[in-house]
Amino acid sequence: MTAQQIVSRIQQKLADLKIAWRAQTVDTFKAGSPDTEVKGIATTGMATFDLLRRAAAAGKNFVITHEPTFYNHTDQTAALEDDPIYRAKQQFIKENSLVIFRFHDHAHALQPDPLVVGSARMLGLTQYASPTEPRIYVVPETTLKAFASDISKRLNGRALRVVGNPDMNVRRIMLGPGYSVPPLTSSFDLSIGGENPESGGNAEYVLDAAALGQQKGVILLGHMMSEDWGMKEAADWLRAFLTDVPIDWIPTGEPFSTPA
Amino acid sequence: MRQRVSRREFVLGTACALVAARTTRALRADLSAQQIVDRIRANVGVPWKASSSDGVKAGAVTTPVTGVATTVMATIDVLRRAAAAGQNFVITQEPVFYALNDEAGNRATDPVYLAKKAFVDEHRLVVFRFADHWSARQPNDAVKALAGALGWSGKELAGADQMYQVPETTLGALIADVRRRLGLRGGLRVVGQPTLTVRTVFVSPGTTTVPMTTAALRRADVIVTGEPREWEAVPYVLDTWAAHAPKGMIHIGRVVSEEPGMQACAKWIKSFTPEVPVEHIASADPYWSPAS
């Protein structure tokens, strides 16, 4: 089966689910030939060079990535043609006959969104999902400090960042992986997401709420620590209808360290 | 003039001597927020854009100014400190109302938003956003100020913008030094291994785009920046390691990265606004880390 045939099967599956393939989408082939015979599929959060090395070593020549391969949302490469890092990455892809396809817009279009499901599962929130409010989780009362320590251990993330009084009570949480960190309102205590601009949003809101005596919090997991797990869900989803090719989730992993 | 004198007499007649002193000073100076904005525009050295983030976000521009405060982020705490010090004109680099365009949007009825607006009104503050034009100045004071805070004044590489030649060190040692000098808490994040040798650093407050990153790393070993995007500059730096041409990136957070710049901004505004006090109000790293 070729990479193109696999993508066609994904498109057919989405059509069966009444999800139309978008005319405008970033979900396209990013590198390699779609006619390549696929020996194995790796799903992942982001097709970093290190991830590609691990995929190739594991015999997975078709990489399905949630985030870009070439450092911008639409994977424009014209400005990178002379760049030594870009060239080395392209060379590696060519030498190892890898094919890279992005699965972003249509992954988020699935019901439920596997990126949210995967993130909630890793955070231990699944059982607390509100039956009526999307992305809201109502947890047994805890403190921000205790909750942040718990999820830091679960994710083994090295660079979680928290804003808010560590002793505040946490009960109502809203989750938005990746860049869609939920904007805080008076209707929930804690916003959890991947990454967001530090200004013009939640950090300022938490500080202002605190100045008024209201306790709010935000936890930024980092983009990969919030979305990598969702591509594990995507691998499970693919495996259900692509039974004739090995499919594994290979995590991109935490890009950051936080040395003392 | 006559009307002003009578108002002054009225104020002096009240028990609030502090308010009287400030009002008197403002009347003598007769300097409105709009006049200071006009001076900023005249001195900034770049053409004022027809469309930008910069402008008055709250308060009336005709308000007589008793003092100016510069800040990275005009939080309620910063506004309180400004009001208490008689600095009724606040110049902020980052938004004041939780959105990059400072529009209330879904927060129009939010209690925190409403309380902040009410505080500005009650204390007759004027809040002016000064980001795009401040960052566009050449030479860029925000870069020089951050480099200065890191101890690199005078170490500029000739002919290479934002590039500094530092005494040879390792990424690990540099991180410890940056953390200490900038008082970083949970906002410090690093891409790269601590053993990397560092001689040349690219200093980029705010953020660093992919074109800036790829160009800078042709020469620099490490980039010190505020908050680069994790699907853009971050994976590029990660890929330098897999490509066996390793480079480092130290994230210090947007607020911390812009703080020295807004300190410099206060001095710059003071240089053409001698009539009123101009001070900087400091912010801190907003983040903490569950690991520490």
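Naming: A, B, ... by sequence-line order, numbering from 1 per chain.
- Around atom CG of B:N106, no more than 12 heavy atoms belonging to other residues, nucleotides or ligands sit under 6.0 Å away.
- When each of A:E195, A:R87, A:H223 is scored by its heavy-atom pairs under 4.5 Å with chain B, the top score falls to A:E195.
- A:Y71 does not carry B:R229 over the face of its six-membered ring by the limits of under 6.0 Å from the centre and within 45° of the normal.
- The shortest non-hydrogen separation linking A:G200 to B:P95 is CA-CG, 3.7 Å.
- Heavy atoms closer than 4.5 Å to chain B are found nowhere in A:A79, neither backbone nor side chain.
- Your options are B:T75, B:T207, B:D285, and the one with the most heavy-atom pairs under 4.5 Å with chain A is B:T75.
- A side-chain N or O of B:Y236 and one of A:D83 form a donor-acceptor pair less than 3.5 Å apart.
- A donor-acceptor pair shorter than 3.5 Å cannot be found between the side chains of A:N202 and B:Y98.
- Atom CZ of A:F256 and atom CG of B:L238 lie 7.5 Å apart (nearest 0.5 Å).
- For B:V210, the part lying near chain A is the side chain, with the backbone staying farther off; criterion is any non-hydrogen pair under 4.5 Å.
- If you measure heavy-atom distances from B:A74 to chain A, the contacts under 4.5 Å come from the backbone alone.
- Of all the heavy atoms in A:T48 and B:P235, the pair that sits closest is CG2-CB, 4.5 Å.
- Counting heavy atoms from C-beta outward, B:Y287 and A:E198 have side chains that approach closer than 4.5 Å.
- Both the backbone and the side chain of B:R254 come within contact range of chain A, with heavy atoms under 4.5 Å apart.
- Note that OG1 of B:T214 and CG of A:L80 are 6.5 Å apart. Values are rounded to the nearest 0.5 Å.
- Looking at A:R53, the atoms closer than 4.5 Å to chain B (heavy atoms on both sides) all sit in the side chain, from C-beta outward.
- Across all non-hydrogen atoms, the minimal contact from B:R189 to A:A159 is CD-CB, 3.5 Å.
- With chain A as partner, the option from B:M73, B:K247, B:R107, B:Q93 having the largest number of non-hydrogen pairs under 4.5 angstrom is B:R107.
- The line from NE2 of A:H73 to CD of B:E232 is 10.0 Å long, rounded to the nearest 0.5 Å.
- For A:L207, the part sitting under 4.5 Å from any heavy atom of chain B is the side chain, from C-beta outward, and nothing else.
- Across B:N101, B:V72, B:L100, B:V96, the residue that shares the most heavy-atom pairs under 4.5 angstrom with chain A is B:V96.
- Summarising the geometry of A:E67 relative to B:W231, their closest heavy-atom pair is OE1-CB, 3.9 Å, with the distance given to 0.1 Å.
- Only the side chain of A:A88 comes within contact range of chain B, with at least one heavy atom under 4.5 Å from a heavy atom of that chain.
- Only the side chain of A:P68 comes within contact range of chain B, with at least one heavy atom under 4.5 Å from a heavy atom of that chain.
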Problem set entry | Residue pair B:D239, A:Y86: steps toward the side chain to side chain donor-acceptor pair (under 3.5 Å) verdict | CA-CA 8 Å; B:D239 281 2; A:Y86 166 77; over 6 Å; no

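- Using a 4.5 Å cut-off between heavy atoms, B:F97 contacts chain A through its backbone alone, with no side-chain atom that close.
- From A:T258, atom OG1 reaches atom CG of B:L188 across 8.0 Å, with rounding to the nearest 0.5 Å.
- Looking at B:V191, both its backbone and its side chain come within 4.5 Å of chain A, counting heavy atoms on both sides.
- Shortest non-hydrogen contact noted between A:S257 and B:G192 is OG-O, 4.2 Å.
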For this session: Take A:I85 and B:T240, measure what side-chain contact (heavy atoms from CB on, under 4.5 Å) needs, and give me the verdict at the end.
Result: CA-CA 6 Å; A:I85 306 303; B:T240 63; 3.8 Å; yes

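- Residue with the most contacts toward chain A among B:E94, B:E230, B:Q193: B:E230 (heavy-atom pairs, distance under 4.5 Å).
- Side-chain atoms of A:D208 come within 3.5 Å of backbone atoms of B:I76 as a donor-acceptor pair (strictly under, hydrogens ignored).
- Among the candidates B:A243, B:G172, B:S283, the residue making the largest number of heavy-atom pairs closer than 4.5 Å to chain A is B:A243.
- Expressed to the nearest 0.5 Å, how far OG of A:S199 lies from CD of B:E258 amounts to 7.0 Å.
- Of the atoms belonging to A:Y179, it is side-chain heavy atoms, and not backbone ones, that fall under 4.5 Å from chain B.
- Heavy atoms of A:N196 lying under 4.5 Å from chain B belong exclusively to its backbone.
- Contact record, B:R80 with A:L212: NH2-CD2, 4.0 Å, taken as the closest heavy-atom pair.
- Note on A:P166, A:A148, A:G178: by heavy-atom pairs under 4.5 Å with chain B, the leading option is A:P166.
- In this structure, no portion of A:L51 lies under 4.5 Å from any heavy atom of chain B.
- Ionic pairing of B:K116 and A:E204 is present here: one or more N-O contacts between side-chain nitrogen and carboxylate oxygen are shorter than 4.0 angstrom.
- With chain B as the partner, the residue from A:R161, A:K89, A:M224, A:M46 showing the most heavy-atom pairs under 4.5 Å is A:R161.
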